[in-house]
Amino acid sequence: MTSSRTWTTRPEAPGDAAAIHAINAAAFPTAAEADLVDALRADRDAWIPGLSLVAQAPDGTLVAHALLTRCHVAGRPALALAPCAVLPEYQGQGAGSAAVTAALDAARTAGERLVLVLGHADYYPRFGFVPASRWGIRAPFEVPDEAMMALVLDAVGPVPSGVIQYSSPFGS
Ligand SMILES: CC(C)(COP(=O)(O)OP(=O)(O)OC[C@H]1O[C@@H](n2cnc3c(N)ncnc32)[C@H](O)[C@@H]1OP(=O)(O)O)[C@@H](O)C(=O)NCCC(=O)NCCS
């Protein structure tokens, strides 16, 4: 468990699923991301215990969630960071950053090498993400170049390049 001034982060625990569903349902316009999290949790090829992280407020309320699941690049294992969500009334107060940082730290500790995210090009670079195209990594669908980003956690050895293969709950 890690504490910032305000937020405590920890891996998802048994019993957190409903609160995590609620965070994602509230943060996004539809329940699609919340349902995606549940589908990923049920997918034994995608889900990696310990890489679903939550941030909680001092009163114990779960306010943010960041999820890393298995994907592949040209057949080599990598992680997809998706989704990241914060309860609307808690956004812009560092909870999202706390959850993402905790997730990336957990991945690094687990020996993971590469994380991919499709998201806001003005948010994820603060964690070290760069355009995935710099590593020759491409999404399997059309996206603006700057929105598909990669973070190399362990620069030892070659970084795989090629097309990202998402797990089946992502539907691609
Ligand atoms: C995006 C999100 C996860 C960020 O978490 P957060 O706790 O609100 O953000 P933090 O307080 O950690 O960081 C604040 C920074 O994020 C930026 N930010 C927040 N939402 C953003 C967005 N939608 N696009 C770009 N930047 C965003 C803020 O501008 C701020 O930047 P600054 O530090 O340069 O001023 C959260 O706002 C959220 O759940 N949004 C709705 C769902 C969503 O869009 N998820 C991401 C999908 S890629």
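Just so you know, these numbers come straight off a predicted model, no measurement behind them. Both ligands and their constituent atoms are indexed starting at 1 by order of listing.
- For atom 4 (C) of ligand 1, the nearest protein heavy atom is under 4.0 Å away.
- Contact atoms of ligand 1 toward Gly119: 48 (S) (distance under 4.0 Å to a heavy atom of the residue).
- In this structure, atom 11 (O) of ligand 1 is in close contact with the protein, since a protein heavy atom lies within 4.0 Å of it.
- For atom 29 (O) of ligand 1, the nearest protein heavy atom is 4.0 Å or more away.
- Between Ala27 and ligand 1, a contact under 3.5 Å exists for no N or O pair.
- Every atom of ligand 1 is numbered from 1 in the order shown, and the set under 4.0 Å from a heavy atom of Ser97 is 10 (P), 12 (O), 13 (O).
- The two residues Met148 and Leu116 come nearest to each other via the heavy atoms CE-CB, 4.1 Å.
- Annotation: atom 48 (S) of ligand 1 to nearest protein heavy atom, Tyr124 OH, 3.4 Å.
- Looking only at heavy atoms of the protein, atom 43 (C) of ligand 1 is closest to Phe28 CE2, 3.5 Å.
- Note: Arg41 CZ to Thr69 OG1 = 11.5 Å, rounded to the nearest 0.5 Å.
- Taking all atoms of both residues into account, the shortest heavy-atom contact from Leu68 to Ala107 is CD1-CB, 3.8 Å.
- Below 3.5 Å of separation, one finds an N or O of Gln93 facing an N or O of ligand 1.
- Residues Trp7 and Gly94 approach most closely at NE1-C, 3.5 Å, considering heavy atoms.
- Here the straight-line distance linking atom OG1 of Thr8 with atom CG of Leu62 works out to 10.5 Å at 0.5 Å rounding.
- Ring geometry for Tyr124 versus His120: interplanar angle under 30°, hence parallel rather than tilted (30 to 60°).
- The nearest pair of heavy atoms linking Pro160 to Leu114 is CG-CD2, 3.9 Å.
- Of the heavy atoms in Trp7, none comes closer than 4.0 Å to ligand 1.
- Considering only non-hydrogen atoms, atom 8 (O) of ligand 1 lies nearest to Gly92 out of Ala85, Gly96, Gly92.
- Note that atom 39 (O) of ligand 1 has protein non-hydrogen atoms nearby, at separations under 4.0 angstrom.
- Note that CG of Leu36 is 5.0 Å distant from CZ of Phe170, once rounded to the nearest 0.5 Å.
- Between Val86 and ligand 1, an N or O atom pair is found at a separation short of 3.5 Å.
- Of all atoms in ligand 1, listed by their number and element, those nearer than 4.0 Å to a heavy atom of Ala95 are 7 (O).
- Where the criterion is an N or O separation shorter than 3.5 Å, residue side chain and backbone included, Cys84 meets it with respect to ligand 1.
- Of the candidates Gln91, Arg126, Met149, His120, it is Arg126 that places a heavy atom closest to atom 33 (O) of ligand 1.
- Using a 4.0 Å cut-off between a side-chain N of Lys or Arg and a carboxylate O of Asp or Glu, Asp145 and Arg134 do not qualify as a salt bridge.
- Distance CG/Leu79 to NE2/His72: 10.0 Å, rounded to 0.5 Å.
- Among all protein heavy atoms, the one lying closest to atom 25 (C) of ligand 1 is Asp122 OD1, 3.2 Å.
- Note: Leu67 CG to Trp47 CH2 = 5.0 Å, rounded to the nearest 0.5 Å.
- Note that CE of Met149 is 13.0 Å distant from CD1 of Ile137, once rounded to the nearest 0.5 Å.
- For Gly94, a nitrogen or oxygen atom sits less than 3.5 Å from a nitrogen or oxygen atom of ligand 1, counting backbone and side chain alike.
- Among all protein heavy atoms, the one lying closest to atom 17 (C) of ligand 1 is Tyr123 CD1, 3.7 Å.
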